[in-house]
Amino acid sequence: MKNTIRSIDHPVIAVADLAASEGVYRRLGFNVPPRGSHVEWGTGNWCIMFADDYLELRGIIDPARFTLDLDQHLERHGEGMMGVAFGTTGADAAFEEMTAAGMKPKPVRALSRNFEIPGAWVQPRFRLCFPAAEDVKGLMHVVLCEHLTPELIRRPEYLIHPNGVTGVAGIVGVIDQVAAVEKVQQRLLGDDAVRRDTDGLTLTLPSGQVIELLTRPAFLARYGCAWPEPAGAHHVLPVVRLEVADLPASAKYFDNNNVPYQTRAGKMLVGPGETCGVLMTFES
C-alpha cells in the first residue's frame with residue numbers, strides 16, 4: 001500500500017449516558033464543545049478537540065435508529081474505547097488501496113452531523129472508509145476518516161483545556177495472537193510501521209503517534225496498578241495516552257479538583273472509574 005493512513009484522528013470512547021459523560025470530562029479539565037448528533041445514525045457525540053486530533057465520546061440518542069453497533073458494544077464490553085478513527089489523505093483513495101492489496105473494505109460512505117455553534121447549527125461533513133474486521137485485527141472497530149469541513153469543528157476556542165492536554169500521543173491495546181496481528185497490521189500500515197518485541201507490537205504512524213499492542217502479561221506489568229479489570233471482562237483497547245504542556249500544572253489541576261491519579265514512570269494515570277471506562281495517561 002502507498003498508505004493513505006496518516007494519524008490517529010480520534011479514539012472513539014463508548015459511553016452509556018451521553019449527557020452525563022459531558023460532566024465527567026469537564027471535571028477532568030477538558031473543554032467540551034457543544035454536542036453533535038449524527039444525521040444518518042441514532043448516535044451523538046462530544047468531540048474534545050486538539051490542534052491535530054481529538055477524543056470522541058459517543059453515545060446513543062435514538063436507539064430505534066442505526067447505531068453502528070454501539071448498543072451491542074456497550075452490552076458486551078461496557079463503557080470504554082471501542083475503536084479508532086485514522087486520519088486519511090482520502091477515503092476513496094484508501095478504499096482503492098485496500099482493495100488492491102486484497103482487503104475487503106466496505107464502500108466509502110458520506111457522514112454529516114448536526115453541530116451547534118453560537119447562534120447557528122452547522123453540519124460538518126466527512127467521508128469514511130470502513131475496513132473489514134479481519135483487516136484491522138487487534139484494533140476493534142476502525143474507520144478511515146477524511147474531514148471535508150474541519151474548520152467547523154476545530155475552532156480556536158475549543159483547543160484550550162484547563163488540564164493542559166494538547167493532543168493524543170497514542171493508544172495501548174491488548175492482544176493474544178501476536179504473530180497473526182503483526183501480519184495484518186503490516187499489510188494495513190506497511191512493514192516499516194510495525195515493530196515486534198517481547199512485549200508485543202509497536203505501530204508507528206507518519207504523525208509520530210504510537211499504538212502499542214501488548215501481550216496481556218506485558219499490559220498488566222505496565223498498567224495493572226491502575227486497571228481494575230472486572231472478572232470475565234476483556235477490554236481490547238484500554239489506554240489512551242495524552243500529551244500535556246506542563247505535567248506539574250496538570251497534576252495541580254487534578255489536585256484542586258479532587259481527581260484521583262497515580263504517578264508512575266513520569267506519567268499521571270487516571271483510572272477508568274473517572275473517565276467512562278478508559279485508563280488515561282497524561283505525559284509530557
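Sequential numbering from 1 along the given sequence is applied to the chain's residues. Treat the numbers as computed from the prediction; the structure is a model and nothing was measured.
Distance check: Gln186 CD to Asp191 CG gives 4.5 Å after rounding to the nearest 0.5 Å. For the atom pair CG of Asp69 and CE of Met82, the computed distance is 7.5 Å after rounding to the nearest 0.5 Å. To the nearest 0.5 Å, atoms NE2 (His73) and CD1 (Ile60) are separated by 10.5 Å. One distance of note links OG1 of Thr166 with NE2 of His161; it measures 9.0 Å at 0.5 Å rounding. In this structure, CG in Leu139 is found 6.0 Å from CD1 in Ile171, a value given to the nearest 0.5 Å. Between the CD atom in Gln209 and the CG atom in Asp52 there is a gap of 8.0 Å [rounded to 0.5 Å].
Looking at heavy atoms from C-beta onward, Asp9 lies out of side-chain contact with Phe86 at the 4.5 angstrom threshold. The shortest distance between side-chain heavy atoms of Trp41 and Leu111 falls below 4.5 Å. Residues Leu68 and Phe130 have side chains in contact (heavy-atom distance under 4.5 Å, counting atoms from C-beta outward). Taking the side chain as every heavy atom from C-beta outward, Ser207 and Arg6 never approach each other to under 4.5 Å. Counting heavy atoms from C-beta outward, Glu22 and Leu57 have side chains that stay 4.5 Å or more apart. Side chains of Val194 and Glu182 form a contact here, defined as non-hydrogen atoms less than 4.5 Å apart. Between Leu189 and Leu205 the shortest side-chain heavy-atom distance falls below 4.5 Å. Trp227 has its side chain out of reach of Val239: every pair of non-hydrogen atoms, C-beta onward, lies at least 4.5 Å apart.
The main-chain N or O of Lys104 is found under 3.5 Å from a side-chain atom of Asp135 such that the two form a donor-acceptor pair. With hydrogens and angles disregarded, no donor-acceptor distance shorter than 3.5 Å links the side chain of Arg58 to the backbone of Val15. Between the Asp197 side chain and the Asp199 main chain, a donor and an acceptor come within less than 3.5 Å of each other. Formation of a donor-acceptor pair under 3.5 Å by the Asn163 side chain with backbone atoms of Leu28 is found in this model. Judged by distance alone, with hydrogens and angles left aside, the side-chain atoms of Arg125 form no donor-acceptor pair with the main-chain N or O of Leu148 at under 3.5 Å. Side-chain atoms of Gln262 come within 3.5 Å of backbone atoms of Cys225 as a donor-acceptor pair (strictly under, hydrogens ignored). In this structure, Glu146 contributes its side chain and Gly90 its backbone to no donor-acceptor pair below 3.5 Å. Between the side chain of Asn31 and the backbone N or O of Glu157, at least one donor-acceptor pair lies under 3.5 Å.
Nearest heavy atom pair, residue Met81 against residue Val240, reads CE-CG2, 3.4 Å. The shortest heavy-atom contact between Cys129 and Met98 is SG-CE, 3.2 Å. Between Pro162 and Gly29 the shortest heavy-atom distance is CD-O, 3.0 Å. Across every non-hydrogen atom of Gly167 and Asp53, the tightest pair is CA-OD1, 3.5 Å. Taking each heavy atom of Ile8 and Val168 in turn, the nearest pair found is CG2-CG1, 4.4 Å. Minimum interatomic distance between Trp46 and Leu18 (heavy atoms only, all atoms of both residues): NE1-O, 2.7 Å.
Looking only at atom types and distance, the side chain of Thr4 has a donor-acceptor partner in the side chain of Thr88 under 3.5 Å away. For Lys137 and Gln185, the side-chain atoms include no donor-acceptor pair closer than 3.5 Å. Of the N and O atoms on the side chains of Glu97 and Asn3, not one donor lies less than 3.5 Å from an acceptor on the other residue. Residues His38 and Asn114 bring no donor and acceptor atom of their side chains to less than 3.5 Å of each other.
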Result block: side-chain N/O donor-acceptor pairs under 3.5 angstrom for residues 276-284, not counting sequence neighbours:
{"residue": "Thr281", "atom": "OG1", "partner": "Glu283", "partner atom": "OE1", "Å": "2.8"}
{"residue": "Glu283", "atom": "OE1", "partner": "Arg241", "partner atom": "NE", "Å": "3.3"}
{"residue": "Glu283", "atom": "OE2", "partner": "Arg241", "partner atom": "NE", "Å": "3.2"}
{"residue": "Glu283", "atom": "OE2", "partner": "Arg241", "partner atom": "NH2", "Å": "2.6"}

Name every donor-acceptor pair, under 3.5 Å, that has one atom in a side chain of residues 264-274 and the other anywhere in the protein, sequence neighbours excluded.
{"residue": "Arg264", "atom": "NH1", "partner": "Arg222", "partner atom": "O", "Å": "3.1"}
{"residue": "Arg264", "atom": "NH2", "partner": "Ala221", "partner atom": "O", "Å": "3.1"}
{"residue": "Glu274", "atom": "OE1", "partner": "Arg27", "partner atom": "NH1", "Å": "2.9"}

| Can you check side chain to side chain contact (heavy atoms under 4.5 Å, CB included) on Ile5 and Leu188, steps first, answer last? | CA-CA 9 Å; Ile5 296 174; Leu188 178 68; 3.9 Å; yes
| message | One pair to check against side chain to side chain contact (heavy atoms under 4.5 Å, CB included): Phe30 and Leu55. What are the steps and the verdict? | response | CA-CA 10 Å; Phe30 291 103; Leu55 298 175; 4.3 Å; yes
| request: Walk me through it: do Thr149 and Glu151 pass the test side chain to side chain contact (heavy atoms under 4.5 Å, CB included)? | output: CA-CA 6 Å; Thr149 54; Glu151 72 281 357; 3.9 Å; yes
| task | Assess whether side chain to side chain contact (heavy atoms under 4.5 Å, CB included) is satisfied between Asp92 and Arg127, documenting all intermediate values. | result | CA-CA 8 Å; Asp92 295 283; Arg127 287 185 67 75; 2.9 Å; yes
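Relative orientation of the His10 and Tyr54 rings is parallel, given thresholds of 30° and 60° on the angle between their planes. The aromatic rings of Phe254 and Tyr261 are tilted relative to each other, their planes meeting at an angle between 30° and 60°.
With Val172 as the partner, the side-chain contact (heavy atoms from CB on, under 4.5 Å) test is satisfied by one option alone out of Leu213, Val210, Leu214: Leu214.
Residue Glu75 places its CD atom among 12 or fewer non-hydrogen atoms of other residues, nucleotides or ligands, all under 6.0 Å distant. With a 6.0 Å radius and a threshold of 12 heavy atoms from other residues, nucleotides or ligands, Gln177 has its CD atom at or below the threshold.
Within the cation-pi definition used here (under 6.0 Å to the ring centroid, within 45° of the axis), Arg113 qualifies as a partner of Phe115.
Hydrophobic clustering (ILVMFWY, side-chain heavy atoms < 4.5 Å, transitive): Val32 and Ile160 are in distinct clusters.
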